[in-house]
2 protein chains.
Amino acid sequence: MTQKNRSLTLRDVSEASGVSEMTVSRVLRNRGDVSATTRDKVLTAAKELGYVPNKIAGALASQRVNLVAVIIPSLSNMVFPEVLSGISQVLEDTELQPVVGVTDYLPEKEEKVLYEMLSWRPSGVIIAGLEHTEASRAMLHASGIPVVEIMDTDGEPIDAMVGISHRRAGREMAAEILKAGYKKIAFLGTKMPLDHRARKRFEGFTEVLAKSGVEVVDREFYSGGSALAKGREMTEAVLERSPDVDFIYYSNDMIGAGGLLYLLEKGIDVPGQIGLAGFNGVELLQGLPRQLATMDACRREIGTKAAEIIAARVNDVEKDGQITLAPTISFGDTLRDA
Amino acid sequence: MTQKNRSLTLRDVSEASGVSEMTVSRVLRNRGDVSATTRDKVLTAAKELGYVPNKIAGALASQRVNLVAVIIPSLSNMVFPEVLSGISQVLEDTELQPVVGVTDYLPEKEEKVLYEMLSWRPSGVIIAGLEHTEASRAMLHASGIPVVEIMDTDGEPIDAMVGISHRRAGREMAAEILKAGYKKIAFLGTKMPLDHRARKRFEGFTEVLAKSGVEVVDREFYSGGSALAKGREMTEAVLERSPDVDFIYYSNDMIGAGGLLYLLEKGIDVPGQIGLAGFNGVELLQGLPRQLATMDACRREIGTKAAEIIAARVNDVEKDGQITLAPTISFGDTLRDA
DNA sequence: TATCGGAATGTTACCGCGATCAGTCGCGCC
DNA sequence: GGCGCGACTGATCGCGGTAACATTCCGATA
């Protein structure tokens, strides 16, 4: 209750309870044998003083830092909070704790964030994507701790990886669209230089179309702003430019939802006149007037699997480190189910 | 490049560059005078080895931990990532770094998270809400570091606070609704026992209605699930139960959007037959067919102001610590502008 | 009664770094 | 030529804990 300035230490508790610092340490960590009476004495004293252990010192002394660095591009994407929640859920049962760093999709910022994180000597790293700067890769290698790259499995991991193949996701969606008989297909998405997963989906998508002699008739890219509004605007732009479009593939559900709302408003027959599909399977879609066709990215599961790998490796348990999950397509109401 | 297991220390760099550890430390922190030649030698050696400083040790030695604990209820609410981005933006220009903890709206979890955070001896705490357990308040007091409670200013802060008055937000919205001539008003929101801010808005809302002799004719609460879908369902339920409702006040924009979509679909005249309003001013709304009336919660600004207070206090600059921001109402297209 | 063993507690030596203080060295000035 | 000074570099100590080892104490056992 009484507090000056200087924060409490084990010594304070030890003096207050009349035992050695070591014993206090043992009590507070539930380690080693301590008699019930001294345990009580110590706990009472600690509580009375309001003592909070100093993990900085503890970590230095024990050479153990139970933190897992989680490095993701953004928090406003919804996708990542879901991954995070998968991670937290699994780590909750261990003594590990996630610490989040955000890169804003910028490789240099990723490098900086990674450096910061590693300087706290975490027990493991979970990082989004397979594309990193040379320096980042070097740091991860040199760190000597378990590294799980998540979201994407189209590439060579540094250590472990958990995700889906976005190329394949693009291919599968393309195949379904063709099967349903659509021919004039447009693609709307984010500006892709740094969004590798969107790029890979696009590549897979066009690859399959090409095999059938189909080419994307129009495309449009955005960055920033309200995704829902952007989806609306871009859809409008595309329809104006290419009125004969009969399918629009969106690189994420949010812009897809915007497009869907726009088309419904215009009284366009979906999926008769124009079919639509997005990507991610976000919860939001459930409230839309019509279910957007989409493909689930297994976000939560990616989080749990990644956390499980870290947890296992930290305990020196070997564990399969290359997990490719299979996203499932959901036709919803905007893609004719062939 | 070569790495065994044991992580590098200042000593490794010092040996590699032929100077003392102290000098290496100075170089890496840009502190004190070091000749250009030794500086280069050291930097080269450090880079070659891939040395990453150990902040654990650094923090212990210097008694300075440049972390700011940010404790929020949820990451999936969109509101909080926005606050976070305000915080990050300001802290980016300082040497402070935010670290996020999530409480899931549970007081006990908040207590636990807070304890964890404080055990890292952060330089400051930014925590959502004014309601905390006794133990949490005690810890915050005892910590002796700057504490900023954010989001809400209806109550007594432990130290500093930045936010809006949710009571007043509720009152103002009620006043506008009455002014516009609506009479049969319903309220839809989250189950409130733990969402104090939603509760306060509701209290302010009913208070003003009561003064005009109006009572909420119907209400409905939800928890979990897709907010958009819930908004839809609840709106349907209310209309069925109380067909004469002429206004619905939603405790957040997401369910409001769900309701709006539902009503438009049913061909109901909004805002003629039924008016709608939400709360938060989320970006999402911009993509809707019609702009939902809402009230901006100043989320980003709350983040920046809170971070500024922490930054100032950390540098022993006194700074006004009780900031009440004024949310602005936006009528959109769903509330007759009287 | 002397010996032994385990439970309970204490002592010592760091962990990796930074604050502090103590040099060393070359140079200009009186 | 001696002195002082500033620029640079190094040695020592301790931050607050924990690991590992040492010690004490007590009852059980031979």
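Every chain is numbered from 1, with letters handed out A, B, ... down the list of sequences.
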Which pair of heavy atoms, one from [X] and one from [Y], lies closest together, and at what distance?
X: A/Ile310; Y: A/Val125; value: CD1-O, 3.7 Å
X: B/Cys298; Y: B/Leu325; value: CB-CD1, 3.8 Å
X: A/Ile158; Y: A/Glu149; value: N-OE1, 2.6 Å

What are the atom names and distances for every N/O pair under 3.5 Å that joins the protein to nucleotides 8-11 of chain D?
{"from": "D/dT9", "atom 1": "OP1", "to": "B/Ser35", "atom 2": "OG", "distance (Å)": "3.1"}
{"from": "D/dT9", "atom 1": "OP1", "to": "B/Thr38", "atom 2": "OG1", "distance (Å)": "3.2"}
{"from": "D/dT9", "atom 1": "OP2", "to": "B/Ser35", "atom 2": "N", "distance (Å)": "3.0"}
{"from": "D/dT9", "atom 1": "OP2", "to": "B/Thr38", "atom 2": "OG1", "distance (Å)": "3.2"}
{"from": "D/dG10", "atom 1": "OP2", "to": "B/Ser20", "atom 2": "N", "distance (Å)": "2.9"}
{"from": "D/dG10", "atom 1": "OP2", "to": "B/Ser20", "atom 2": "OG", "distance (Å)": "3.0"}
{"from": "D/dG10", "atom 1": "OP2", "to": "B/Thr23", "atom 2": "OG1", "distance (Å)": "2.8"}
{"from": "D/dG10", "atom 1": "N7", "to": "B/Arg26", "atom 2": "NH2", "distance (Å)": "2.7"}
{"from": "D/dG10", "atom 1": "O6", "to": "B/Arg26", "atom 2": "NH1", "distance (Å)": "3.3"}
{"from": "D/dG10", "atom 1": "O6", "to": "B/Arg26", "atom 2": "NH2", "distance (Å)": "3.4"}

Could you tell me how far apart [X] ([atom1]) and [N] ([atom2]) are, to the nearest whole angstrom?
X: B/Leu10; N: C/dC15; atom1: CG; atom2: C1'; answer: 13 Å
X: A/Leu28; N: D/dG16; atom1: CG; atom2: C1'; answer: 13 Å
X: B/Asn54; N: C/dC17; atom1: CG; atom2: C1'; answer: 8 Å
X: B/Arg121; N: D/dG17; atom1: CZ; atom2: C1'; answer: 11 Å
X: B/Asp12; N: C/dC15; atom1: CG; atom2: P; answer: 12 Å
X: A/Arg31; N: D/dT18; atom1: CZ; atom2: C1'; answer: 10 Å

Point to revise | All pairs passing salt bridge (charged side-chain N to carboxylate O under 4.0 Å, His left out) where residues 75-101 of chain B contributes a residue, at least two apart | key: A/Lys109-B/Glu92, B/Glu82-B/Arg299
Check your understanding: Quick one: side chain to side chain donor-acceptor pair (under 3.5 Å) pairs with a partner in residues 64-80 of chain A, sequence neighbours left out?
Key -> A/Ser74-A/Ser76, A/Asn77-A/Tyr105
**Study point:** Short side-chain to backbone donor-acceptor contact, A/Ser25 and A/Glu21, under 3.5 Å
**Key:** no
So, does [X] get its side chain near the phosphate of [N], meaning an N or O under 4.0 Å from OP1 or OP2?
X: B/Arg29; N: C/dA19; value: yes
X: A/Gln63; N: C/dG16; value: yes
X: B/Tyr51; N: C/dC17; value: yes
X: A/Arg64; N: D/dA19; value: yes

Exercise for review: Taking only heavy atoms on the protein side, list every residue of residues 55-62 of chain A lying under 4.0 Å from any atom of DNA chain C, sorted numerically.
Suggested key: A/Leu60, A/Ala61
Review point. How far does CE of A/Met139 sit from OG of A/Ser119, to the nearest 0.5 angstrom?
Key: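 A/Met139 CE to A/Ser119 OG: 10.5 Å, rounded to 0.5 Å.
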**Study point:** Five-pair end axes of the helix from C/dT1-D/dA30 to C/dC30-D/dG1, angle between them (10°)
**Key:** 60°
Review point. Taking it one step at a time, do B/Arg11 and B/Glu15 satisfy salt bridge (Lys or Arg N to Asp or Glu O under 4.0 Å)?
Key: CA-CA 6 Å; B/Arg11 155 153 255 111; B/Glu15 281 169 2; 3.3 Å; yes
Review point. Within a strict 4.5 Å, meaning less than it, do heavy atoms of the A/Ile145 and A/Pro122 side chains meet?
Key: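 When only atoms from C-beta onward are counted, A/Pro122 and A/Ile145 do touch, with a gap below 4.5 Å.
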Review point. Would you say the side chain of B/Leu49 lies within less than 4.5 Å of the side chain of B/Val13, judging by non-hydrogen atoms?
Key: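 A side-chain contact under 4.5 Å exists here.
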Exercise for review: Go through the structure and list residues passing side-chain contact (heavy atoms from CB on, under 4.5 Å) with B/Thr38, not counting sequence neighbours.
Suggested key: B/Val19, B/Val34, B/Ser35, B/Lys41
